[in-house]
4 protein chains.
Amino acid sequence: MKKNKPKYKQIIDAAVEVIAENGYHSSQVSKIAKKAGVADGTIYLYFKNKEDILVSLFQEKMGQFIEKIEHETNSRQTAEEKLFKLVETHFEQLSADHHLAIVTQLELRQSNKDLRQKINHVLKRYLNVMDMIIDEGVEEGLFRESLDRRLVRQMIFGTLDETVTNWVMKDQRYNIVDQAKEVHSLIVHGLARSGQ
Amino acid sequence: MKKNKPKYKQIIDAAVEVIAENGYHSSQVSKIAKKAGVADGTIYLYFKNKEDILVSLFQEKMGQFIEKIEHETNSRQTAEEKLFKLVETHFEQLSADHHLAIVTQLELRQSNKDLRQKINHVLKRYLNVMDMIIDEGVEEGLFRESLDRRLVRQMIFGTLDETVTNWVMKDQRYNIVDQAKEVHSLIVHGLARSGQ
Amino acid sequence: MKKNKPKYKQIIDAAVEVIAENGYHSSQVSKIAKKAGVADGTIYLYFKNKEDILVSLFQEKMGQFIEKIEHETNSRQTAEEKLFKLVETHFEQLSADHHLAIVTQLELRQSNKDLRQKINHVLKRYLNVMDMIIDEGVEEGLFRESLDRRLVRQMIFGTLDETVTNWVMKDQRYNIVDQAKEVHSLIVHGLARSGQ
Amino acid sequence: MKKNKPKYKQIIDAAVEVIAENGYHSSQVSKIAKKAGVADGTIYLYFKNKEDILVSLFQEKMGQFIEKIEHETNSRQTAEEKLFKLVETHFEQLSADHHLAIVTQLELRQSNKDLRQKINHVLKRYLNVMDMIIDEGVEEGLFRESLDRRLVRQMIFGTLDETVTNWVMKDQRYNIVDQAKEVHSLIVHGLARSGQ
DNA sequence: AATGAATGAGCGTTCATTCAT
DNA sequence: GATGAATGAACGCTCATTCAT
């Protein structure tokens, strides 16, 4: 299993750094190899081609990302708490790894449609977590029964993604974790005054 | 003013078509020139470089897009109605121009950070429209006073953008305008049961 | 018609020189471009890819080669004279262009099967010339009726080709045209004493 | 002596198979090693480099090839019979080993000038066999005295080689041994009617 | 002797941009 | 203004060979 060999992770971490620092289009394979401390050809012992580095990077990092969110939400009782924890953990994790934030929010979006579809595939698991929380919320009588699951997912993901992207484009100059409460509130209650 | 000469618009329209049909990375300047019926060199009499075509395209098309939304929202009375009209008009316009939807939601995202910042600049005007509606809503007593304007804008834009992108990636197979009401409701009331 | 533009021939002639001097495997496109006095990219305005340069080179040069042989043999009366003229003209032409001799006898043979089949296609015309001379010889009562046309062609071509290749591999140090008479004699009479 | 160790022959046989099946340019050292059932590095315990595999392959196989021809021609009395046996045995041996025929007639020709000169060196022994037969034929009064030995060798070898190459390129679809008689006749008597 | 992971030099091709006409 | 032929920089990937084990 190549994924357990040290060079596999070494190359992926180098790729994150190189892409964050140079931008997607200036991240040549040779640059990644150099940063990883291996020869160019070594890359191809662990990855099929350049795109495979990026897909693997996303799978590896987002896999951990989603697992952490699954774990944190599971440790909460109500759907509302779970949803808050989802928002907070989402922000916390990207806050904790500035390079990864740049790569996932800005650079990897420049990839072609093909790669983006593979990325979406990885995200399905995240959307499932959201679905389960929504279902729980409905069962608890907290959320409306009539909700269109897909639209809700898109609202939640779209809001989180846009929030993080803006924060990254503002060079991560403010603390995004501080906004978890307000974002959670917007998602749960919308703009309206309570009781409206 | 070059923007008023016929070839200027001719080239921009050709660019939209070529990019929608071939994808961002297969849209060479020579292909755009051919579709526009001009010589490659002529492009450079109207645009500084390739990126300038894309920025101009976005300015031109999004300018009209936002004007239409400004006009439609102005003709409504309450903030709630205005917000609904904003959502609906946003969806309607992209529904009406399939090529443009593909280009703005998928292809132009593959451009580099630099271009994306210019795109964001164009979108500022759209965000202003949202800001004004939010202010009105607060004044009307409809929306909470404590709302963080930036977060609200990000929530609204993120939700609309994610909704449209998903629709485009699903090959525009369902009617997105039909979802305006539900999306509007999610933005105004969130997930919670009314009264919660 | 690209074949009539000066750069087309310029590039082909450069290719012959470069290949003769550096060998097939050390003849990079950039080297050919430099020798031709054009930019690398210009090559691709006239040729589909590197292999297309080589195929075109062969077609161009062997086309002239065969035409000359057709012309020379046509100006003779008997099959025996025609055959002699074929041998002599074959030798003369390769003698007259040392670079071309190296390229056709040694370097182009290193190409892959695909290219070699295209080369064989060009040579069909040469084989037709031989066929006609053989037919004439039979009609004249000079050659045996029972000859297997294909074998005869292979004997003639194989003999000429091997003779020239040996001469090229010996660095063209002797005069191969001088051997036309003896080669012709071997083809017509074989090894046997007259009357045997 | 490495040549007597089992892995030496094992690797050479693997090389013949791999080259015949994949073509010269798709026959990587690693593929040959795999087919031979040894590690890549092991190849270099038995051969100096890749070219050395090919040269050794040719020496090994052509050595046997020529020995067989020497043996068969020695068992005949007259030069004419010996020459016939040479042609027939040449054809028979390549007929009997389809892989070897492909490798020697097509694939090994794609090697560079350097390798081809080493190949020619191996063939010298074959040319010597021809020389001796020619000399005998002259002494017997069967062949002309005035024959240029080198030209005759080239005629014989060129004819045989071209004949076999054509047969291989036609995917060995007909029986080439059947043509030995006619080819022998062409070599001995040429195209001319007997008595001309 | 045998292994196989690691190395790194080498090259065909594309395409945005220029500029002489 | 309009043309389009010409430019040339830039890069992912392969594979023969090495060498620590």
Side-chain angles (χ1 to χ4, degrees), chain A residues 2 5-8 10-11 25-34 36-54, chain B residues 2 5-7 11 25-34 36-54, chain C residues 2 5-8 10-11 25-34 36-54, chain D residues 2 5-7 11 25-34 36-54:
Chain A
K2 293 202 161 160
K5 298 200 178 171
K7 290 203 174 152
Y8 180 83
Q10 207 171 313
I11 291 166
H25 285 115
S26 301
S27 296
Q28 296 84 351
V29 171
S30 62
K31 227 178 243 172
I32 295 172
K34 198 168 192 178
V38 300
D40 291 17
T42 305
I43 298 270
Y44 294 89
L45 297 176
Y46 296 89
F47 301 92
K48 225 167 61 260
N49 50 36
K50 189 181 179 182
E51 179 178 309
D52 190 32
I53 308 177
L54 304 176
Chain B
K2 292 200 162 165
K5 299 210 176 168
K7 286 196 179 162
I11 291 167
H25 284 116
S26 301
S27 296
Q28 297 80 357
V29 170
S30 62
K31 225 179 242 170
I32 295 172
K34 197 171 192 178
V38 300
D40 293 17
T42 305
I43 298 268
Y44 292 87
L45 298 175
Y46 295 89
F47 300 91
K48 218 164 71 261
N49 51 36
K50 190 182 180 181
E51 180 179 306
D52 189 31
I53 307 177
L54 304 175
Chain C
K2 295 204 159 159
K5 299 201 177 170
K7 290 202 175 153
Y8 180 85
Q10 207 170 313
I11 291 166
H25 285 116
S26 302
S27 296
Q28 297 83 350
V29 171
S30 60
K31 227 179 242 172
I32 296 173
K34 197 169 193 177
V38 300
D40 291 16
T42 306
I43 299 268
Y44 293 87
L45 297 177
Y46 295 90
F47 301 92
K48 220 166 65 260
N49 49 36
K50 189 181 179 182
E51 178 178 309
D52 190 32
I53 308 176
L54 304 175
Chain D
K2 295 203 160 161
K5 301 208 174 167
K7 286 196 179 162
I11 291 166
H25 283 116
S26 301
S27 296
Q28 296 81 356
V29 170
S30 61
K31 224 179 243 172
I32 295 172
K34 195 170 193 178
V38 301
D40 293 16
T42 306
I43 297 267
Y44 292 87
L45 299 174
Y46 294 89
F47 300 91
K48 218 165 71 259
N49 49 35
K50 188 180 181 183
E51 179 177 308
D52 189 31
I53 308 177
L54 304 175

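Predicted model only: the values in this text are computed from it and were never measured. Letters A, B, ... are given to chains in the order of the sequence lines, protein chains preceding strands, and every chain is numbered from 1.
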d(CG, D/D52; P, F/dA16) in whole Å: 14 Å
Kindly give the heavy-atom pair with the smallest separation between D/S30 and D/D40, and that separation in Å. CB-OD2, 3.4 Å
When rounded to whole Å, the NZ to P distance for the pair C/K5 and F/dG4 reads 11 Å
Parallel, tilted or perpendicular, as decided by the 30° and 60° cut-offs, for the rings of A/Y8 and A/F47: parallel
Regarding the side chain of D/A39, the nearest nucleotide among E/dT7, E/dT3, F/dT7 is E/dT3
Looking at A/K31 and A/S26, would you say the former's side chain and the latter's main chain have a donor-acceptor pair under 3.5 Å? yes
At 4.0 Å (heavy atoms only), tell me whether D/K7 reaches a base, stays on the sugar-phosphate, or touches nothing. sugar-phosphate
Contact pattern, 5' to 3', of nucleotides 13-21 of chain E - B, S or - by protein heavy atom under 4.0 Å: BBSSBB---
Kindly write out the residues that satisfy side chain to side chain donor-acceptor pair (under 3.5 Å) with A/D52, not counting sequence neighbours, or none if the list is empty. A/S56
Nearest-angstrom distance from the residue atom CG of A/L45 to C1' of E/dT7: 9 Å
Between C1' on E/dG8 and CD1 on A/I43, what's the gap in Å once rounded to a whole number? 13 Å
Taking all atoms of both residues into account, what is the closest heavy-atom pair of C/I32 and C/I11, and its distance? CG2-O, 3.9 Å
For DNA chain F, what are the stems built from at least three Watson-Crick or G-U pairs in a row, each pair having both distances below 3.5 Å? E:2-21 with F:2-21
If you look at every heavy atom in B/K50 and B/Q28, which pair is closest and at what distance? NZ-CA, 4.4 Å
Value in whole Å for how far the C1' atom of F/dA16 lies from NZ of D/K31: 14 Å
With a non-hydrogen cut-off below 4.0 angstrom, is B/Y46 in contact with a base, only sugar-phosphate, or nothing? sugar-phosphate
